[in-house]
J.: 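Dropping a structure here in structure tokens format, bear with me for questions.
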Amino acid sequence: MAREGRTALIEGLMGRFPQVPREAVLKEDLLRGGMAFDESALSGNEDGDVKPKSYFIFSFDHRTLPELEAAALKRPPEEIVLTGGPYELRRTVVSVRVNPESPYVVRAGEDGALGLYLDGARIADVGLPPMPDYYRHTLSNGKSVMEVAPTIQWGYLVYLTVFRVCQYFGAKEECQYCDINHNWRQHKAAGRPYTGVKPVEEVLEALEIIDRHDTARTSQAYTLTGGAITSHVGGRDEADFYGQYAKAIEERFPGRWIGKVVAQALPKEDVQRFHDYGVRIYHPNFEVWDRRLFELYCPGKERYIGREEWHRRILDSAEVFGARNVIPNFVAGVEMAQPLGFASVAEAIDSTAEGLRFFMSHGIVPRFTTWCPEPTTPLGKENPQGAPLEYHIRLLETYRATLEDFGLSSPPGYGPPGPGRAVFSVSSFMDSLPAVDQDPEPVAP
């Protein structure tokens, strides 16, 4: 019997691109379009046995909190892990992006076990992240560890969003796909704890709790990040603001975690300060390669720094960190956002491939996050379905081929690559790369 609906699309792409792991095909579709949750699959917030979604920087949802109904009152899990089913899936970790209208539904079956259902058929077993011991403890001021130092990627990464808003503000400056400022507003409106600027002392106390209770050493890296700083926060510029956390963490916990920072593409002397403070991996995200789309989609970045200068600074930063430890991100899919993006998958892939080749020719390996079209963003409003799934699948193919062309391998600080092994949850680029025995460590410049 012929397959119908989304199942036909999925299986058609699995057939057309057999070199892309089927786990990655399914994961990309879940990331681009989201998943729905039956109440039987919701987490119970911080009082249950499942690690709940922390909203660590963006909403990564297809609806606002008031529109999520039960999923807003009783949080979904941070991530899910898929195994088995008719596609014989190897272990696949997927970041949760809630969409009540998604054809993918997580619910309990007749046997009580959770499964992922598509077009009415169960296509995978679903595992939920257990509540870590460190989430069951609070800071001395009563704040939760989840609020101050949530972990993602199945516990691998401590995500420290120490500045919860962005100084690129308003329609003429905000990146057109980004809902960081709205995410802040919606959590405050809902009465949820959502600290705007996290004091260094709170971060250290939360990390102390994680270090004490994470006896298996599952957490192996931390990321310092937040909104762009165009002037100052607390009297500090961007390099010193984010750098002060790295300095304090490395002094208190020398070598405990791989230190990473996501910041703007800063001048070389500022990048050197990051390195001096103890950061080992630098993420100066370039967002989208095409010149016209960068100017349209990242107006603040174009106004304050400019695309050409942004790229030049990325290359300069390799002299400080070593090319392998400079890992700029792009938002995969916004290339095809209408009405201004590329009209065809082939054009979008060609453009992105040009960017990949530019950076990889310098030994710099970018990574990407699969675009979630959040409804409060200009691009999300215009493109609620995101980019075509075929774009994402062809990008995985192109990414791996470009790495091989330049003799490069997966970037450090993301856990192990390979289907069934990867833990990076907001893209399947790590799932689609060859498996190796361990996470590659940063290389000293």
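The figures here come from the full heavy-atom set of this structure, side chains too, leaving out hydrogens, waters and symmetry mates.
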J.: When you measure from the side chain of Gln186 to the backbone of Asn183, do you find a donor-acceptor pair of N or O atoms at a distance under 3.5 Å?
T.: no

J.: Name the residue from Phe56, Phe58, Tyr55 that meets the ring-ring contact (aromatic ring centres under 6.0 Å, His included) definition with His187.
T.: Tyr55

J.: State the CG-CG distance between Leu389 and Asp29, to the nearest 0.5 angstrom.
T.: 4.5 Å

J.: Taking all heavy atoms of Val279 and all of Phe321, pick out the closest pair and write down the distance.
T.: O-CE2, 3.2 Å

J.: Looking at Phe359 versus Phe286, is the centre-to-centre ring distance below 6.0 Å?
T.: yes

J.: Among Ile349, Leu403, Ile393, find the residue that satisfies the side chain to side chain contact (heavy atoms under 4.5 Å, CB included) test when tested with Thr398.
T.: Ile349

J.: Is there side-chain contact between Glu205 and Leu139, with heavy atoms separated by less than 4.5 Å?
T.: yes

J.: Please walk me through it: do Phe368 and Phe429 pass ring pair (Phe, Tyr, Trp, His ring centres under 6.0 Å)?
T.: CA-CA 7 Å; Phe368 55 91; Phe429 85 91; 5.6 Å; yes

J.: Pick from Val331, Asn329, Leu395, Thr370: which one makes a side chain to side chain contact (heavy atoms under 4.5 Å, CB included) with Ser427?
T.: Thr370

J.: Under the criterion side chain to side chain contact (heavy atoms under 4.5 Å, CB included), which of Pro52, Pro77, Pro76 is the partner of Leu128?
T.: Pro77

J.: Of Glu287, Glu309, Glu295, which is the lone residue that meets side-chain hydrogen bond (donor to acceptor under 3.5 Å, both in side chains) with Lys301?
T.: Glu287

J.: Tyr168 and Tyr304: aromatic ring centres closer than 6.0 Å?
T.: yes

J.: Salt bridge (Lys or Arg N to Asp or Glu O under 4.0 Å) with Glu202: which residues, sequence neighbours excluded?
T.: Lys143

J.: Once you round to the nearest 0.5 Å, how far does CG of Leu356 lie from CZ of Arg400?
T.: 15.0 Å

J.: How long is the straight-line distance from CD of Glu404 back to OG of Ser409, given to the nearest 0.5 Å?
T.: 11.0 Å

J.: Using 4.0 Å as the upper bound for N to carboxylate O, is an ion pair formed by Arg136 and Asp49?
T.: yes

J.: Are any of the side-chain nitrogens in Arg97 or Glu28 under 4.0 Å away from the carboxylate oxygens of its partner?
T.: no

J.: Between Tyr282 and Lys260, is there a cation-pi geometry (under 6.0 Å to ring centre, at most 45° from the normal)?
T.: no

J.: Flag this pair as yes if the NZ/CZ of Arg236 is under 6.0 angstrom from the six-membered ring centre of Phe241 and inside a 45 degree cone about the axis; otherwise no.
T.: no

J.: If we only count heavy atoms from C-beta on, is the Leu293 to Val334 side-chain gap below 4.5 Å?
T.: no

J.: Under 4.0 Å between a Lys/Arg side-chain N and an Asp/Glu carboxylate O for Glu23 and Arg91?
T.: no

J.: Hey, mind stepping through Arg273 and Asp237 against salt bridge (Lys or Arg N to Asp or Glu O under 4.0 Å) and telling me if it holds?
T.: CA-CA 12 Å; Arg273 278 190 280 166; Asp237 63 14; 3.1 Å; yes

J.: Is the charged tip of Arg280 near the ring of Trp257: under 6.0 Å from the six-membered ring centre and within 45° of its axis?
T.: no

J.: Using a distance-only test with no angle check, is there a side-chain donor-acceptor pair under 3.5 angstrom linking Tyr391 and Thr352?
T.: yes

J.: Could you pull out the closest heavy-atom pair between Val271 and Leu266, with the gap in Å?
T.: CG2-O, 3.5 Å

